[in-house]
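Report on the structure given below.
Both backbone and side-chain heavy atoms feed into the values below; hydrogens, waters and symmetry mates do not. Proteins get letters first, then strands, A, B, ... in listed order; numbering begins at 1 in each.
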Protein chains: 2
Amino acid sequence: MPPSGSPISPSIASRLHDHNHCISTAMETAQRICSDNGVRLTQLREQVLRLIWQSHRPLGAYALMEMLAEQSTRRVAPPTVYRALEFLLEQGLIHRINTLNAFVGCTHPQGDHDNNFMICEECGVAIEFCTEKIQHDIKDSAAQFNFTIKAQSIELVGLCQACTGNKDE
Amino acid sequence: MPPSGSPISPSIASRLHDHNHCISTAMETAQRICSDNGVRLTQLREQVLRLIWQSHRPLGAYALMEMLAEQSTRRVAPPTVYRALEFLLEQGLIHRINTLNAFVGCTHPQGDHDNNFMICEECGVAIEFCTEKIQHDIKDSAAQFNFTIKAQSIELVGLCQACTGNKDE
DNA sequence: AAAGGTATGTTATTATATAACACTATCTTT
DNA sequence: AAAGATAGTGTTATATAATAACATACCTTT
Ligand SMILES: [Zn+2]
Ligand SMILES: [Zn+2]
Ligand SMILES: [Zn+2]
Ligand SMILES: [Zn+2]
C-alpha cells in the first residue's frame with residue numbers, strides 16, 4: 001500500500017499524458033481488487049468502469065446510460081447503470097463527485113483513502129489528491145467537536161493548470 | 001469582522017442551546033447584510049430564510065416548499081423556492097450541502113469564508129466550522145497543482161458529539 | 001437436474017432542479 | 001401623477017437524477 005500522503009502524479013492534470021496507460025492500469029487493478037475481494041467484475045461492470053475511465057472528466061449516470069445504449073443492442077435503463085455504479089463505489093474503484101452528481105475513476109484504489117478532488121470548471125477534469133496534512137487537520141477539527149467521521153468529501157472547484165494558463169492569454 | 005480562524009461555538013452541536021437567539025441573530029444579520037449590499041430581503045426571502053433557520057438541520061427545497069405552502073394560502077411552486085434559495089446563497093446567508101441536496105443557514109455570514117461542514121447522519125445537524133490550518137493546507141495543495149480555487153466544499157459525514165454518546169450506551 | 005444466491009431486465013415512480021413566459025410590484029425619471 | 005424600466009413572483013411544463021418493486025436470467029453448489 002503506497003503512503004497515503006504521497007501526491008498523485010500531477011501529470012494527470014496536464015492534458016498530455018498517456019491516458020491509455022491510465023485505462024489499462026485501472027482495468028487491471030480493478031480485476032485484481034475484485035478477485036481479492038471475492039466479487040465478480042461482470043461484463044456490465046467492466047464496461048461501465050471502462051466508460052468512466054475514458055477520461056478524467058466525471059460522467060453523469062445518464063450520460064453513462066446513453067453510452068452504454070450505443071455500445072450494446074439491448075435497452076439500458078437507469079437501475080442497470082446505478083447498480084453497476086453502486087458496485088464500483090463499494091469496491092472503491094470509482095468516486096462520486098457530489099458537486100457534479102457524477103462519477104470518476106479512482107486513481108489509487110488500493111486501501112482506505114480520502115476523497116479529495118480538484119474539479120476544473122473549464123475542462124471538466126477532476127484531479128484526485130490527498131495529503132496527510134489536510135487529513136490531520138480534519139481529524140483535529142473533528143476531535144475538537146467530538147465528531148466521529150464516517151465519510152468525507154472535499155471538492156475544490158476552479159481552474160486547473162492548463163485552463164488557468166488559457167485564461168491568462 | 002471576527003477572525004476567520006476562530007471556531008464556531010460548539011454549543012450549536014449540543015442540542016441544548018438558545019436557538020431562538022440563533023434565529024433572531026440570523027434574521028437581524030440578514031437584514032443588515034442585504035441593506036449593506038443594496039438588495040431587498042423581500043417577504044418571501046425572509047420567510048424562506050426563517051424556515052431554514054428553524055433548526056440546524058439542512059432542509060431540502062421541496063420540504064421547504066411544503067412548509068411555505070402550509071404557511072400561506074397561495075400555491076407554491078418549485079421556482080418560487082429555488083429563486084429565494086439562489087438569492088440567499090448569493091448573499092452568503094445560507095449554504096448548500098451537496099451531500100444532502102439541502103440548505104442550511106450560515107452561522108457567520110459576514111465576509112468571505114470557507115464552506116466546511118460536519119453533518120451528523122443520526123440527528124441531521126450540520127455544524128459549520130472553519131480553521132485557518134485546513135484552509136492553509138488546501139491552498140497549499142492547490143498551489144502544488146497550480147489549481148485556482150474558486151469554490152470549495154468540505155463535508156464530513158458521521159456522528160456529532162451527542163449522537164456518538166447515544167450510540168455508546 | 002434442483003436449489004439457492006447473485007446479477008440483470010423491466011416498469012413505474014420519486015426526488016431534485018430549471019426553462020420559458022406572464023404578471024405584478026417597486027423604483028426611476030419625467 | 002404618468003410612463004418606462006427593473007426586479008420579483010406566479011404558472012406551466014419539462015429536464016435531470018435516483019430508487020422501488022418485481023420478473024427473469026445466470027452462475028454455483030449439491
Ligand atoms: Zn489519464
Ligand atoms: Zn480514490
Ligand atoms: Zn441554534
Ligand atoms: Zn457560512
Side-chain angles (χ1 to χ4, degrees), chain A residues 30-31 34-35 37-52 57-91 93-104 124 153 155, chain B residues 30-31 34-35 37-52 57-91 93-104 124 153 155:
Chain A
Q31 284 290 1
C34 288
S35 165
N37 294 354
V39 295
R40 289 168 49 206
L41 188 61
T42 62
Q43 201 212 328
L44 176 68
R45 292 165 175 174
E46 213 250 3
Q47 199 179 358
V48 169
L49 183 59
R50 193 176 292 276
L51 282 172
I52 289 178
R57 271 177 274 272
L59 267 180
Y62 280 73
L64 218 38
M65 210 174 82
E66 284 180 21
M67 294 163 84
L68 268 181
E70 280 177 22
Q71 289 194 352
S72 82
T73 56
R74 65 169 180 271
R75 209 192 117 208
V76 184
T80 306
V81 175
Y82 278 102
R83 281 190 287 232
L85 290 171
E86 190 185 11
F87 171 86
L88 296 170
L89 284 170
E90 276 168 3
Q91 303 305 318
L93 299 171
I94 62 173
H95 289 287
R96 183 174 199 281
I97 306 295
N98 291 319
T99 309
L100 302 176
N101 292 338
F103 304 84
V104 74
S153 147
E155 298 179 6
Chain B
Q31 284 290 0
C34 288
S35 163
N37 294 354
V39 295
R40 288 170 48 208
L41 187 62
T42 62
Q43 201 213 327
L44 176 67
R45 292 164 175 174
E46 213 251 3
Q47 200 179 358
V48 169
L49 183 59
R50 190 176 294 274
L51 283 172
I52 288 178
R57 271 177 273 273
L59 267 182
Y62 280 73
L64 217 39
M65 210 175 82
E66 284 180 22
M67 294 163 84
L68 268 182
E70 280 177 22
Q71 288 194 354
S72 82
T73 57
R74 66 170 180 269
R75 210 191 116 210
V76 183
T80 305
V81 174
Y82 279 101
R83 282 189 287 232
L85 290 171
E86 191 185 10
F87 171 85
L88 296 170
L89 284 170
E90 276 169 3
Q91 303 305 317
L93 298 172
I94 62 173
H95 290 287
R96 184 175 199 281
I97 306 295
N98 291 318
T99 309
L100 302 177
N101 293 337
F103 304 83
V104 73
S153 147
E155 297 179 7

Q: Using modelled atom types only, decide if a donor and an acceptor are shared between the side chain of A:Glu155 and the backbone of A:Ile97 within a distance under 3.5 Å.
A: no
Q) Taking for each residue the nucleotide of DNA chain C with the nearest heavy atom, is it A:Phe87 or A:Pro79 whose nucleotide lies nearer the 5' end? A) A:Phe87
Q) Just wondering, more than 12 heavy atoms not from A:Gln71 lying within 6.0 Å of its CD? A) yes
Q: Grab the CG-P distance between B:Leu44 and C:dA25 for me, whole Å please.
A: 14 Å
Q. Which pair of heavy atoms, one from B:Ile52 and one from B:Leu59, lies closest together, and at what distance?
A. CA-CD1, 4.1 Å
Q. At what distance, to the nearest 0.5 angstrom, does CZ of A:Arg50 lie from CD of A:Gln47?
A. 9.5 Å
Q.
If you assign B:Tyr62 and B:Thr42 each to the DNA chain D nucleotide with the nearest heavy atom, which residue ends up on the more 5' nucleotide?
A. B:Thr42
**Q.** Length of the CG-P vector between A:Leu41 and C:dT8, whole Å
**A.** 10 Å
(Q) Checking contacts here: which listed nucleotide (C:dT16, D:dG8, D:dA21) is nearest the side-chain heavy atoms of B:Arg45? (A) D:dG8
Q) How long is the line joining CD of A:Glu86 and C1' of D:dA17, in whole Å? A) 15 Å
Q: Give a yes/no answer on whether the side chain of B:Arg74 brings an N or O atom under 4.0 Å of OP1 or OP2 in D:dT9.
A: no
Q. Given C:dG9, is OP1 or OP2 found less than 4.0 Å from the side-chain N or O atoms of A:Thr80?
A. yes
(Q) What is the distance, to the nearest angstrom, from the CG atom on A:Leu85 to the P atom on C:dA7? (A) 15 Å
Q: Write down the distance between CG (A:Asn101) and C1' (C:dT18), rounded to a whole number of angstrom.
A: 14 Å
Q | Between D:dG10 (P) and B:Met65 (CE): distance, integer Å | A | 12 Å
Q) In whole angstrom, what separates B:Asn98's CG from C:dT16's P? A) 14 Å
Q. Which sits closer to the 5' end of DNA chain C, A:Arg75 or A:Arg40, going by the nucleotide each is nearest to?
A. A:Arg40
Q) Taking atom C1' of C:dA7 as reference, at what distance in whole Å does atom CG of A:Leu88 sit? A) 14 Å
Q | Closest heavy-atom pair and its distance - A:Leu68, A:Val48 | A | CD1-CG2, 3.9 Å
